[in-house]
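In what follows, a single structure is set out as structure tokens and then discussed.
This one's a predicted model, so the numbers in the text were calculated from it and none came from an experiment. Per chain, numbering begins at 1; letters A, B, ... match sequence-line order.
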Amino acid sequence: MKAMLIIALLASCCVMLTHTPFPFVIPRGFPPPVYPFEKNPVTRAGFELGRKLFYDGKLSIDGNFPCASCHQQFAAFATYEHRLSHGYNNQFSYRNAPALFNLAWQKEFHWDGGISNLEVQPLAPMLDPHEMAESLGHVISKLKQDKQYPALFNKAFGSPGINSQRILRALTQFTVSLVSANSKYDKVQRGEAVFTQYEKPGYEIFQQKCAACHKEPLFTDLSYRNTGLAADSTLKDYGRMRITGRKEDSLKFRVPSLRNVYLTFPYGHDGRFATLSDVLDHYSRGVTQSATLDTSLRKGIPLSDNDKFYLIQFLGTLTDTSFVNNPLFKDPGMANSNP
Amino acid sequence: MRRLFFISAARDIYPAVSKPDALSKTLRLACGMILMIIATSFRTTIPPAPNLILRFKITLHGQPLELHKDYPDPFGESFKLDIFRFYTGKISAGLNGAPAEKGISASAYQLIDFADSNSTSVALHIKNGDYNEIHLRLGIDSADQTSGAQTGLLDPLKGMFWTWNSGYICFKIEGVSPESNEPAHGFAYHIGGYRSPYQTIRTIKLATPPGRTFHVNKAETTILVIPIDLDRFFQGITPIHIRNTPACTTPGELAHKLFENFAGSFTGIEIPDKR
């Protein structure tokens, strides 16, 4: 019995070394996260492995399309300046790549909510012939043959072996750790900064006219709504209806967060709006009527030119430079040259 | 009992640590976890040896159907099957509708794949007795549909997972037919979906031929055959002509109808003659 306890103790020491927990801090004022961390506890080694995978072209068929090719840190992990992203063989993604942050608070993913768990999300781009165009079996065998990965998986999961679950969980340990909550807006909430004379009225207009859907502090209520964007005739994207098969869900898309919105242009599920002014013009005079249009938008959202100006000033306070510059989230291959 | 003892032992190792700093907390947690694993491994008994085997087979016009061979379907359309796979689980045996005895099997789900003859039989342990029913569940529990990255038979590597509308394909048929206008004359039914009202999960109850029972005991293994009748699949509640419906690869109303046809193609239990 004693011998066994000693063995157990030694074993647990080894476990501890590789399983140093990686702190997930819930920002002040945020609700509890919904991602079930208990099944995939984030550790330093798991996060680092996930980060390496996120930046590694090996996850795509020709090596050119890592996750990071479409999700760029300086654009808050959206694709900078692209309506649709580029994938394998000169093809376009079906939708505008959303920014990636605060995913721990989301139950569903993608513009239509088709993905039910963050862990299985990477399967969509990896296996999509327009994006990374890979197969799961092939990715596993490439990683197994690699010089570094077998040891990194061992370190992250406490035993040797590379399988789909471990790849997906490691990627998730990285993406779920992308938290953005240190913008000027947050500092104002914490009493560390004050809005300017332009931002303040912008915030008030925002609370009146936008916050019902773009709800604080996530700046989305995570619901699916039709905001009067007529379907593009080539994409024929009916949003949520593609997932539920229900007519009532036609043209509904998930309300996107507006955090870091200055960095994530172009806007909308198909990137049709180049600028924030275009989006505001849409709300004030571009809403297309249809059966599933959100009832609050039947008459559009009346906005004067002043309102628009103030709103845009306020939206600027949602940029979180400490997030987009955080060295923890950078390409680990570049990390050395960029201390 | 033993498990409890071990955990309290683990606690007693560190009575001196008064400030629960992060390090000792991790150590204690990890230590406790290891002890628990050891303790449980002491308690787990080896699952009982199987005494009942279910062999699934596909039939058409009363004859066994093989993959990669041409057949006429009930409407006279020629076709051949290349893939036939489905998930089942929660298998139990019953007698005249009395509460069923749960079968104990190696895993919660079985993936029956007719391209892999090892997978078309399921071995179970069932309490000794006489029975005339098998209950089995087709499809995947909704909790398992959304619980993230999984391993074993639910590994997405098995090709039974939709990536853009996450969820398991619970039943997959692919083949070729000159009637199909799809590329390369292929036809494909990928059936699944867990969202209301088009859930594809169902427990079906299969019966032995009238008046017959099967006996399960410790001494020998009982073998039963479970036929899946493709005539009934094509001519089910919703008749399926390959020409008109060469593909169904998303959850929804059509998938749900095809699932009904699939569930209806399980006709009962065959008791093979003893040699």
Side-chain angles (χ1 to χ4, degrees), chain A residues 1 4-5 7-21 23 35-36 39-41 43 94 107-110 112-128 135-137 139-140 158 161 163-172 241-246, chain B residues 2 5-7 9-10 12-14 22-39 41-42 142-152 154-168 193-199 248 250-256:
Chain A
M1 188 82 97
M4 222 166 58
L5 279 177
I7 292 170
L9 230 137
L10 288 176
S12 59
C13 289
C14 299
V15 167
M16 192 198 67
L17 286 178
T18 52
H19 282 201
T20 317
Y35 178 71
K39 277 209 280 176
N40 183 26
T43 62
Y94 183 49
K107 272 214 176 82
E108 294 170 327
F109 303 87
H110 286 190
D112 55 18
I115 311 282
S116 61
N117 188 306
L118 186 55
E119 290 173 21
V120 294
Q121 189 284 330
L123 292 169
M126 274 164 69
L127 307 188
D128 187 327
S135 81
L136 207 42
V139 169
I140 293 171
N163 62 21
S164 71
Q165 185 183 54
R166 287 180 166 193
I167 295 171
L168 295 172
R169 286 192 168 171
L171 277 167
T172 302
M241 185 170 84
R242 182 170 180 241
I243 301 307
T244 62
R246 287 152 34 110
Chain B
R2 190 178 250 141
F5 168 74
F6 269 103
I7 287 181
D12 292 340
I13 296 171
Y14 299 103
L23 201 92
S24 78
K25 233 176 156 179
T26 327
L27 192 69
R28 282 169 60 166
L29 222 122
C31 197
M33 257 158 65
I34 291 280
L35 289 173
M36 209 150 101
I37 291 164
I38 292 176
S41 71
F42 263 78
S142 68
D144 291 320
Q145 294 272 14
T146 55
S147 57
Q150 305 200 49
T151 52
L154 295 183
D155 191 323
L157 200 53
K158 300 279 175 196
M160 297 292 275
F161 193 77
W162 276 303
T163 59
W164 55 276
N165 183 0
S166 28
Y168 286 91
Y194 62 93
R195 288 187 169 89
S196 173
Y198 302 124
Q199 293 105 329
C248 175
T250 59
E253 192 177 353
L254 178 60
H256 190 249

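Both the backbone and the side chain of R242(A) come within less than 4.5 Å of a heavy atom in chain B. Using a 4.5 Å cut-off between heavy atoms, Q145(B) touches chain A through its backbone atoms (N, CA, C, O) alone. Looking at L127(A), the atoms closer than 4.5 Å to chain B (heavy atoms on both sides) all sit in the side chain, from C-beta outward. For K39(A), the part sitting under 4.5 Å from any heavy atom of chain B is the side chain, from C-beta outward, and nothing else. For a residue to count as touching a neighbouring chain, one of its non-hydrogen atoms must lie under 4.5 Å from one of that chain's; by this rule L118(A) does not touch chain B. Heavy atoms closer than 4.5 Å to chain B are found in the side chain of E108(A), but not in its backbone.
At distances below 3.5 Å, at least one donor-acceptor pair connects side-chain atoms of S166(B) with backbone N or O atoms of G114(A). Under the 3.5 Å distance criterion, the side-chain polar atoms of T146(B) are left unmatched by any main-chain donor or acceptor of S116(A).
The heavy-atom pair separating P156(B) from L168(A) by the smallest distance is CG-CD1, 4.4 Å. Minimum heavy-atom separation, Q150(B) to S164(A): O-OG, 4.2 Å. Contact detail for S147(B) and E119(A): the closest heavy-atom pair is O-OE1, 4.3 Å.
Of the inter-residue distances, the one linking R169(A) atom CZ with T151(B) atom OG1 reads 8.0 Å to the nearest 0.5 angstrom. Once rounded to the nearest 0.5 Å, the distance linking CG of L123(A) with CH2 of W162(B) reads 14.5 Å. Of the inter-residue distances, the one linking I115(A) atom CD1 with W164(B) atom CH2 reads 9.5 Å to the nearest 0.5 angstrom.
Of the listed residues T250(B), L157(B), D155(B), N165(B), the one with more heavy-atom pairs under 4.5 angstrom with chain A than any other is N165(B).
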